[in-house]
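A short worksheet on the structure shown next.
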Amino acid sequence: MEFARTLELTKRKKADFLVLPYWKEAKKSVPAADYAKIESHLKPILKTGDFSGKEGETFIIYPEGLLETRVLLLGLGERKGITVERLRRAFAAATKFGMQKKLHAVNIVIPKIDTLSEDELVQGLVEGLLLPNYLFSQNRSESGQESGPTTLQSIGLIGISKAGLEKAEEVLTICEGVYFARDLVNGNADDVTPQFLAKVAKGVEKTLPGVHTTVFDKKRIEKEGMGLLLAVNRGSSLDPVMIISSYRGDPKSKEHTVLVGKGVTYDTGGLHLKPYGSMETMRGDMAGGAVVLAALKVAAELKLKVNLTVVVPSTENCIDARSFKPGDIYQSYSGKTVEIGNTDAEGRLILADALAYACDHLKPTRIIDIATLTGAMEIALGPEGIGLMSTDDALSEKILAAGDKTFERVVRFPLFEEYLENLKSDLADLKNIGGRPGGAIIAGVFLKSFVQNIPWAHLDIAPIEYFSEVRRYHPKCGTGIGVRLMVEFLQSISIR
Ligand code: BES
Ligand code: ZN
Ligand code: ZN
């Protein structure tokens, strides 16, 4: 993707189409910037009232004598109450149009908006353009690819300042992180294996100075005594890994943020096999791992002033004669023993070992885990929210604020002590399930018992990691939601 900056409409370069944003007013649409020089081409249509300017509305015209063969009128809705999120939704319509028509170059006139800062305006506009500008076409034959849509390759931004262009470049870096996470979710589970995730993490180390990656193989995992990760791994023909990648962007500071991402590359449920209809999207059960790796990559690319380590415990949860067994008891890295009530509650098991290890060895000053952890959270929030549980109010506030800013909205759930009663086992220190009511919180409470006294937050992204339909500016399948949230969080704690 390339951006070009022009201050004046008349100085723009050639493109496949030109986008002119309009506000919706009582009976008509009004230009959101100054197009006087080309409006004579548009008068006939604007007079008809066929285009009202409502949010996301598009109207295509084929004018004579302009640099572009197509002009797309784009509705922003009412001027009053315009927000960054409304800009995302409106500008996504321009990208969807270009992709469907297989166009590659677009010119966009930046709307004039007094109520938003230039940074906010550029964030909304560029995220709206870039988030839908994604295709995962690896699985289509060449002829299939030819018949489908294509992506935009260059965007001319007309009327943007130098600082605005810098912000656009930053948004591009972040959106490329979102694509990176989507690619990992969308890839076949037989390709995106624990070993592949390790290779990807090593790749990030190679391309970005300041990033260091260590990968624990099965032998090391055994030596460390990560009995829960090993238990989940028993049914898989592939070894488990534990990826530990660090970026030190603020060497003078003792602050150290650790992000732990669930890396189950396929979740069959294990011996408690998932039924028909529940397993088909489970190649995405490593989305948490994908999000934290993407966040690390973006943090290093943007040279954020943060010290960050991401930890990804990774394995398949499969079926085999050697599979870990319901009723059996396994010892965790922390020493606590866990009775397996359900082999499908595997995420909390591998995270428990990763969290306890991180607390012991990485000296975190805050620790956040991100996981496609429970169907219960999906039931609670539907595809509009991320569930948060935390032991720390200040940390929660920061995550909630990042959620509002990115519209990757976060909702906090309680961690009442009483929920722990659900996890009592007659035979071991804990059981890994505790009944259906409050299921998402019970999973959170399970994780909490493996975290030492360090500000900790748990994000359950099961509701939004994978969409079976296009939703607003999110594509089908892997959404990459969580990446913008984490990067915004890291930006908010980095000294600027
Ligand atoms: N990976 C699933 C959770 C999930 C569900 C992710 C839907 C994305 C979409 C997790 O490992 C799981 O199976 N959880 C069980 C826990 C239960 C057995 C206590 C669940 O939620 O059903
Ligand atoms: Zn499961
Ligand atoms: Zn799972």
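One-based numbering along the sequence shown. Just so it is clear, the values below take in all heavy atoms, side chains as well, and ignore hydrogens, waters and symmetry mates. In this text the structure is predicted, and so the values were computed from the model without any measurement. Atoms within each ligand, like the ligands themselves, are counted from 1 in listed order.
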Checklist entry - Checking only N/O/S atoms, does D344 have one that is under 2.8 Å from the Zn ion (ligand 3)? => result no

Next on the checklist: Quick check against the 3.5 Å criterion: does Q331 have a side-chain atom that pairs as donor or acceptor with the backbone of G335?
Outcome noted: yes

Checklist entry - Considering distance alone, does some N or O of G375 sit under 3.5 Å from an N or O of ligand 1? => result yes

Item to check | D183 and Y134 side chains, donor-acceptor separation under 3.5 Å | outcome: yes

Checklist outcome for this item: Note: ligand 1 atoms sitting under 4.0 Å from heavy atoms of E346 are 11 (O)

Checklist entry - Of the backbone atoms (N, CA, C, O) and the side-chain heavy atoms from C-beta on, which set of E378 has a member under 4.0 Å from an atom of ligand 1: side chain, backbone, both, or neither? => result side chain

Checklist entry - To which of I350, N342, V232, D344 does the heavy atom nearest atom 13 (O) of ligand 1 belong? => result D344

Item to check | Contact atoms of ligand 1, heavy-atom distance to I433 under 4.0 Å | outcome: 19 (C)

Checklist entry - Should the proximity of R348 to ligand 1, defined as any heavy atom under 4.0 Å, be assigned to the side chain, the backbone, both, or neither? => result side chain

Checklist entry - Counting both backbone and side chain atoms, is some N or O of D285 under 3.5 Å from an N or O of ligand 1? => result yes

Next on the checklist: Taking N, O or S atoms only and a limit of 2.8 Å, check whether K262 reaches the Zn ion (ligand 3).
Outcome noted: yes

Checklist entry - Is the number of heavy atoms from other residues, nucleotides or ligands under 6.0 Å of K274 NZ greater than 12? => result yes

Item to check | ligand 1 N/O within reach of D267 N/O, cut-off under 3.5 Å | outcome: yes

Next on the checklist: Under a 3.5 Å cutoff, is there a donor and acceptor pairing between the side chains of T151 and N133?
Outcome noted: no

Checklist entry - Is the distance between the Zn ion (ligand 2) and the nearest N/O/S atom of D285 smaller than 2.8 Å? => result no

Item to check | Residue and atom name of the nearest protein heavy atom (relative to atom 14 (N) of ligand 1), distance in Å to one decimal | outcome: L373 O, 3.4 Å

Checklist entry - Which value, rounded to 10°, describes the OD2(D267)-the Zn ion (ligand 3)-OE2(E346) angle? => result 90°

Checklist entry - Is there a donor-acceptor pair under 3.5 Å between the side chain of D460 and the backbone N or O of G387? => result no

Next on the checklist: Donor-acceptor check, side chain of K102 to backbone of G148, threshold 3.5 angstrom: yes or no?
Outcome noted: yes

Checklist entry - For ligand 1, which atoms, with element, lie under 4.0 Å from some heavy atom of K262? => result 1 (N), 10 (C), 11 (O)

Next on the checklist: So does D190 get a backbone contact from the side chain of T193, meaning a donor-acceptor N/O pair under 3.5 Å?
Outcome noted: no

Checklist entry - Is there a heavy atom in M282 that sits closer than 4.0 Å to ligand 1? => result yes

Item to check | Mutual orientation of the aromatic rings belonging to F416 and Y419 [parallel < 30°, tilted 30-60°, perpendicular > 60°] | outcome: parallel

Checklist entry - Between the main-chain N or O of M279 and the side-chain N or O of Y266, is there a donor-acceptor pair closer than 3.5 Å? => result yes

Next on the checklist: Could you check whether R182 makes a cation-pi contact with Y179, meaning its NZ or CZ is under 6.0 Å from the centre of the six-membered ring and within 45° of the ring axis?
Outcome noted: no

Checklist entry - Hey, does the side chain of R89 reach the backbone of Y473 with a donor-acceptor pair shorter than 3.5 angstrom? => result no

Item to check | Straight-line distance of C175 SG to L131 CG, nearest 0.5 Å | outcome: 4.0 Å

Item to check | Within reach of ligand 1, part of N317 (heavy-atom separation under 4.0 Å) | outcome: neither

Checklist entry - For H272, is the nearest heavy atom under 4.0 Å from an atom of ligand 1? => result no

Next on the checklist: Closer than 4.0 Å to some heavy atom of K274 - which atoms of ligand 1 meet that?
Outcome noted: 2 (C), 12 (C), 13 (O)

Next on the checklist: Residue-level breakdown please: for M377 versus ligand 1, do any non-hydrogen atoms fall below 4.0 Å on the side chain, on the backbone, on both, or on neither?
Outcome noted: neither

